[in-house]
Amino acid sequence: QVQLVESGGGLVQPGGSLRLSCATSGFNLDYYIIAWFRQVPGKEREGISCTSSTDSNTYYADSVKGRFTIVRDNVGNTVYLQMNNLKHEDTAVYYCARPTFTLVDCASTFKHPDEFDYWGQGTQVTVSS
């Protein structure tokens, strides 16, 4: 069955870095977009990045642009989120997610959690001094 498992979260000081991993199984990663979301208690889940399946395009929310990088490894069935220059406001539970169908467009969907049907369990990122 389809599985996505996040790892790599933890406690980091402001200005520090973390790399999150989203290990996928049960499907061919080549054919699906993968997006990263984050959520803090009491707030809606925020789409922050997406990697396209049909080209090398990547997408970022303004809140993370220039600091986060999404990388897809289709051979290793893993999607990474490199997070640099972390800020207090990056503290959240981070999730990776996949839509039900192939040929879904990152640009029009990655900010909309309802477009994604498969989710990992999440990994906590805490930015604190």
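Because the structure is a prediction, the values reported are computed rather than measured.
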Exercise: identify the closest heavy-atom pair between [X] and [Y]:
| X | Y | answer |
| --- | --- | --- |
| Pro14 | Ser129 | CD-N, 3.8 Å |
| Val40 | Ala92 | CG1-CB, 3.6 Å |
| Asn85 | Arg67 | O-NH1, 3.0 Å |
| Gln39 | Lys43 | NE2-O, 3.1 Å |
| Leu20 | Val125 | CD2-CG2, 4.0 Å |
| Thr100 | Tyr32 | O-CE2, 3.5 Å |

Give a yes or no on this: more than 12 heavy atoms of other residues, nucleotides or ligands lie within 6.0 Å of atom CD of Glu44.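 It does not: Glu44 CD has 12 such atoms or fewer within range.
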Can you check whether [Y]'s main-chain N or O pairs, donor with acceptor, with [X]'s side chain at less than 3.5 Å?
| X | Y | value |
| --- | --- | --- |
| Thr24 | Asn77 | yes |
| Arg72 | Thr51 | yes |
| Thr126 | Leu11 | no |
| Glu6 | Gly122 | yes |

Are [X] and [Y] connected in the hydrophobic side-chain network, where two residues link if heavy atoms are under 4.5 Å apart?
| X | Y | result |
| --- | --- | --- |
| Ile48 | Leu86 | yes |
| Leu81 | Val12 | yes |
| Met83 | Leu4 | yes |
| Val79 | Tyr59 | no |
| Ile34 | Val64 | yes |

Test item: [X] and [Y] side chains (from C-beta on) under 4.5 Å apart, heavy atoms:
| X | Y | answer |
| --- | --- | --- |
| Thr54 | Tyr31 | no |
| Gln121 | Ser7 | no |
| Ser17 | Gln82 | yes |
| Tyr118 | Pro99 | no |
| Arg45 | Tyr95 | yes |

Glu46 vs Lys111, side-chain contact (heavy atoms from CB on, under 4.5 Å): CA-CA, chis, key distance, verdict: CA-CA 7 Å; Glu46 175 191 14; Lys111 294 184 181 180; over 6 Å; no
Kindly determine whether Trp36 and Cys50 satisfy side-chain contact (heavy atoms from CB on, under 4.5 Å), including the steps that lead there. CA-CA 6 Å; Trp36 283 95; Cys50 188; over 6 Å; no
Polar contact flag, side-chain donor to acceptor under 3.5 angstrom, Thr78-Asp73: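 Not at all, the side chains of Thr78 and Asp73 share no donor-acceptor pair under 3.5 Å.
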Salt-bridge present (Asp62, Lys65; N to O < 4.0 Å):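 Salt bridge: yes.
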Nearest 0.5 Å, what's the [atom1]-[atom2] distance between [X] and [Y]?
| X | Y | atom1 | atom2 | result |
| --- | --- | --- | --- | --- |
| Leu103 | Ser53 | CG | OG | 6.5 Å |
| Ile70 | Phe110 | CD1 | CZ | 9.5 Å |
| Ser128 | His88 | OG | NE2 | 6.5 Å |
| Arg19 | Thr69 | CZ | OG1 | 12.0 Å |
| Tyr94 | Leu18 | OH | CG | 9.0 Å |
| Tyr60 | Cys106 | OH | SG | 10.0 Å |

Go through the structure and list residues passing side chain to side chain donor-acceptor pair (under 3.5 Å) with Ser49, not counting sequence neighbours.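 For Ser49 there are no side chain to side chain donor-acceptor pair (under 3.5 Å) partners, ignoring immediate neighbours.
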Are the aromatic ring centres of Phe37 and Phe116 under 6.0 angstrom apart?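 When the ring centroids of Phe37 and Phe116 are compared, they turn out to be within the sub-6.0 Å range.
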Evaluate side-chain contact (heavy atoms from CB on, under 4.5 Å) for Thr91 paired with Gln124, printing each intermediate quantity in order. CA-CA 8 Å; Thr91 295; Gln124 175 72 46; 4.0 Å; yes
Trace of the side-chain contact (heavy atoms from CB on, under 4.5 Å) decision for Leu29 with Arg98: CA-CA 10 Å; Leu29 182 58; Arg98 198 210 87 174; over 6 Å; no
